[in-house]
Amino acid sequence: MRYPMDEAALQARLLEWYDVNARSFPWRVPPGSGRRADPYAVWLSEIMLQQTTTAAVRPYFEAFMARWQDVNALAAADDGEVMAAWAGLGYYARARNLLKCARVVAQEHGGRFPDQYDALLKLPGIGPYTAAAIAAIAFDRPAVVVDGNVERVMARLHCVEDPLPDAKPLLKAHAARLTPRKRPGDHAQALMDLGATICAVKSPTCPLCPWQADCRARTAGMAEALPRRVAKAVKPLRLGHVHIGQRADGAWLLERRPPRGLLGGMLGWPGSEWQEGEFPDAQPPAKGRWRCAGAEVRHTFTHFHLRLMVHVARLPADSAPARGFFLPAADFRPSDLPSVMRKAFNIARKALAAD
DNA sequence: TAAACGTGGAG
DNA sequence: TCTCCAAGTTT
């Protein structure tokens, strides 16, 4: 016989814990401050935090807030500048959708974010999690916020042994039953803080948990083993070339990648397709004395490993490339590149410096 | 529905 | 070195 959980008691103990232990972030308002977070800051942080750690997000969030202080400023921003500011954070569709969303909010909602889950869900880049998070955190609506942390906490609290992702609907139902009418924003953030600190993926510190007496996985000695997941597919290895050319005046030969797909909309070096099995033929983007840089890029994306052979050349002042464009040295910042392209640049820089 | 979509830190 | 995976969304 399993006794029903006392939701009211769980809610109360969680908020008590949060009032004392809430983490501090630049996008967050402390509990009990009586203030409500700026919806723009909540939205921006939630988009950045999708599948991304708080440590990685923090400097990007600060930079975006300093440069584009509200949704109207962001809506008016140059696409290339926003993509450059996002460079290194990954999942670049988020940046493309961020701009789309800012422009919809500015043009169709008078520069104010909708305060309802259903309206938020219609905006580009906002899915079920983010719509609920904004509704709860920015507008204190009792939306059911379910991210990876909440799934893990629910799986352990209720000892759900079905593996993810199949268990998602059940875990969401558990989360829904626990969502309070009062302080739903703090409740959501408390649940995520609990998952990020106490109820961690590895080595959870159950003795510090406000729910230790209620947690069925802890009782069963299974907390760390949950949630289970279906095994992931092995990543194949893809091979390719990049060509990094510098003109006599210092300008670099770059290209803007297509607006969709991998690294879509980002700056990058001209190169080959990336294929499995063997290296494709190297086709330099401009005439010149190309040579191997002597090291290759190793990089892992979500669904494949990549090795890139790096080719470098010094190009003449009258170089007429078949693809790409020359970016003056003064306008080129390696930090504007996605990480894989920055790795290639670091290899090329050393090779060219050795000339 | 399942695959595509980045990156860096932790163990 | 290598696997896991973090505040998910889109197609």
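Chain letters run A, B, ... following the sequence lines, proteins first and then strands; every chain starts at 1.
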**OP:** To the nearest Å, give me how far apart CZ (A:R307) and P (C:dC2) are.
**Re:** 8 Å
Original post:
How far apart are the closest heavy atoms of A:M5 and A:L10, and which atoms are they?
Top reply: SD-CD1, 3.9 Å
**OP:** Between A:L121 and A:Q189, name the one whose nearest nucleotide on DNA chain C is closer to the 5' end.
**Re:** A:Q189
Subject >> Protein-nucleotide distance (A:L98, atom CG; C:dT10, atom C1'), rounded to Å >> reply: 16 Å
Original post:
With a 4.0 Å cut-off on heavy atoms, is A:R28 in touch with a base, just the backbone sugar-phosphate, or nothing at all?
Top reply: base
**OP:** Answer with base, sugar-phosphate or nothing: what part of the nucleic acid does A:F25 contact at a heavy-atom distance below 4.0 Å?
**Re:** base
Original post:
Using a cut-off of less than 4.0 Å, is there contact between a side-chain N or O of A:R229 and OP1 or OP2 of C:dA6?
Top reply: yes
**OP:** Can you tell me the distance, in whole Å, between the NE2 atom of A:H305 and the P atom of C:dT1?
**Re:** 13 Å
Original post:
Should the ring pair A:F345 and A:F332 be called parallel, tilted or perpendicular, given that the plane angle runs from 0 to 90° and is split at 30 and 60?
Top reply: perpendicular
Original post:
Touch check for A:W27, heavy atoms < 4.0 angstrom, all strands: base, sugar-phosphate only, or nothing?
Top reply: base
**OP:** Could you check whether A:T54 gets within reach of a base, just the sugar-phosphate, or nothing at all, counting any heavy atom under 4.0 Å?
**Re:** base
**OP:** Output, in order, the C-alpha distance, side-chain angles, deciding distance and verdict of side-chain contact (heavy atoms from CB on, under 4.5 Å) for A:N21 and A:T197.
**Re:** CA-CA 10 Å; A:N21 296 287; A:T197 59; over 6 Å; no
Original post:
Base, sugar-phosphate alone, or nothing: which one does A:T52 contact when heavy atoms must sit under 4.0 Å apart?
Top reply: base
Original post:
If we only count heavy atoms from C-beta on, is the A:P316 to A:R247 side-chain gap below 4.5 Å?
Top reply: no
**OP:** Provide, to the nearest angstrom, the distance between the CZ atom belonging to A:R96 and the C1' atom belonging to C:dT9.
**Re:** 12 Å
**OP:** May I ask you to verify if any side-chain N or O of A:Q51 is less than 4.0 angstrom from the OP1 or OP2 atom of C:dA6?
**Re:** no
Original post:
Over how many whole Å does the gap from A:Y91 atom OH to C:dA6 atom C1' extend?
Top reply: 10 Å
Original post:
In whole angstroms, how far is the P atom of C:dC5 from the CG atom of A:L164?
Top reply: 10 Å
Original post:
Whole Å only: how far is the CD atom of A:E151 from the C1' atom of C:dC5?
Top reply: 13 Å
**OP:** Run the ring-centre check on A:F61 versus A:F64 and record whether the distance is less than 6.0 Å.
**Re:** no
Original post:
Looking only at atom P, what distance separates C:dT11 and B:dG6, rounded to whole Å?
Top reply: 13 Å
Original post:
First contact, last contact: which nucleotides of DNA chain B are these for chain A, 5' to 3', heavy-atom distance under 4.0 Å?
Top reply: B:dA4 to B:dG8
**OP:** Indicate, with a heavy-atom threshold strictly under 4.0 Å, whether A:R152 touches base, sugar-phosphate, or nothing.
**Re:** sugar-phosphate
Subject >> Distance, rounded to the nearest Å, where A:D147 contributes CG and C:dA6 contributes C1' >> reply: 9 Å
Original post:
With a non-hydrogen cut-off below 4.0 angstrom, is A:V201 in contact with a base, only sugar-phosphate, or nothing?
Top reply: sugar-phosphate
**OP:** Check side chain to side chain donor-acceptor pair (under 3.5 Å) between A:T205 and all other residues, then give those that pass, not counting sequence neighbours.
**Re:** none
**OP:** Just call it for A:I47: base, sugar-phosphate, or nothing, with non-hydrogen atoms closer than 4.0 Å on any strand.
**Re:** nothing
Subject >> Upstream residue (5' side of DNA chain B) when A:R342 and A:H303 are each assigned their closest nucleotide >> reply: A:H303
**OP:** Check every strand shown and say whether A:G195 touches a base, only sugar-phosphate, or nothing at a heavy-atom separation below 4.0 Å.
**Re:** nothing
**OP:** Could you give me the CA-CA distance, side-chain angles and deciding distance for A:R349 and A:N346, then say whether side chain to side chain donor-acceptor pair (under 3.5 Å) is met?
**Re:** CA-CA 5 Å; A:R349 194 162 42 83; A:N346 286 334; 3.1 Å; yes
**OP:** Quick one: list whatever passes side chain to side chain donor-acceptor pair (under 3.5 Å) with A:H299, sequence neighbours left out.
**Re:** A:K343
**OP:** Let me know, please, whether A:I126 or A:L49 comes out on the 5' side of the other along DNA chain C by nearest nucleotide.
**Re:** A:L49
